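Each remark here refers to the structure printed beneath this line.
In listed order, ligands and their atoms are each counted from 1. Because the structure is predicted, anything quoted here is derived from the model rather than measured.
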Amino acid sequence: MKLMILNGPNLNLLGIREPEVYGYTTLEEVMENLAVEADSLDLEIETYQSNHEGDLIDQIHRAKREKFAGIIINPGGYTHTSIALRDAISGVDLPTVEIHLSNIHAREQFRHHSYIAPVAVGQISGFGTYGYSLALLALMNNLKNRDGK
Ligand code: CA2
């Protein structure tokens, strides 16, 4: 089973800038570790980071076309602004888990609202890079539960 892992704008700076907020591990390292975990769960992942809204939307469409089973997305700042990203997720109708490194509900008011949350299976927020592992397990469990339904 193939899953797409998407990371939005500025997440390429992970481990390089603001480590006190986002931690010391680079996105590349986080994605490498996730691929190992996925492998041990018999899952295949493809990871993609972009600073451009349209690129992320194209990847969501590709996930549908190429029969990925689900999506894990950290939409970064687009979480709070992008109706287009939300429309793409609801349009492809693939189970999607939203993940944030920081607890967006404990931060500035403008981060409390997510355009993505209503079209996601659920949201994981505040557990740092461990959130990606949680998202993987949560998505796998969700996919298992829909099998045969
Ligand atoms: O907590 C998260 O994962 C966020 O999606 C991160 C976004 C922020 O806009 C969301 O509200 C919450 C920002 C990503 C920026 O990532 C950086 C990483 C290192 C250094 C600077 C920015």
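If you check the side chains of Glu98 and His100, you find a donor sitting under 3.5 Å from an acceptor. Between the side chains of Glu108 and His80, no donor N or O sits under 3.5 Å from an acceptor N or O. Checked by atom type, the side-chain pair Asp87/Tyr115 shows no donor-acceptor distance below 3.5 Å.
For atom 21 (C) of ligand 1, the closest non-hydrogen atom of the protein is Glu18 OE2, 3.6 Å. Looking only at heavy atoms of the protein, atom 19 (C) of ligand 1 is closest to Arg17 O, 3.2 Å. Of all protein heavy atoms, the one closest to atom 15 (C) of ligand 1 is Asn10 CB, 3.6 Å. Atom 18 (C) of ligand 1 has as its closest protein heavy atom Tyr22 CD1, 3.5 Å. Given atom 7 (C) of ligand 1, the protein heavy atom at minimum distance is Gly76 CA, 3.7 Å. The nearest heavy-atom contact from the protein to atom 4 (C) of ligand 1 is His100 ND1, 3.7 Å.
Heavy-atom proximity to His80, at under 4.0 Å, picks out these atoms of ligand 1: 10 (C), 11 (O). Near Ser102, with a cut-off below 4.0 Å to any heavy atom, the atoms of ligand 1 are 1 (O), 2 (C), 12 (C).
Residue contacts with ligand 1 for Asn74 involve side-chain atoms from C-beta outward but no N, CA, C or O (heavy atoms, distance under 4.0 Å).
In terms of the side-chain hydrogen bond (donor to acceptor under 3.5 Å, both in side chains) criterion, residue partners of Ser102 (sequence neighbours excluded) are, by chain and number, Arg107.
Using a non-hydrogen distance threshold of 4.0 Å, Ile104 registers as a contact of ligand 1.
Residue Phe127 qualifies as open at atom CZ: its count of foreign heavy atoms under 6.0 Å is 12 or below. Atom CD of Glu28 has 12 or fewer heavy atoms from other residues, nucleotides or ligands within 6.0 Å.
By the 3.5 Å distance cut-off applied to N or O atoms, Leu101 is counted among the residues near ligand 1. Checked by distance only, ligand 1 and Arg111 come closer than 3.5 Å through their nitrogen or oxygen atoms.
Taken from OG1 in Thr25 to CG in Asn33, the straight-line distance is 8.0 Å, to the nearest 0.5 Å.
Applying the salt bridge (Lys or Arg N to Asp or Glu O under 4.0 Å) test to every pair with at least one member in residues 47-65, sequence neighbours left out, gives these pairs: Glu46-Arg62, Arg62-Glu66.
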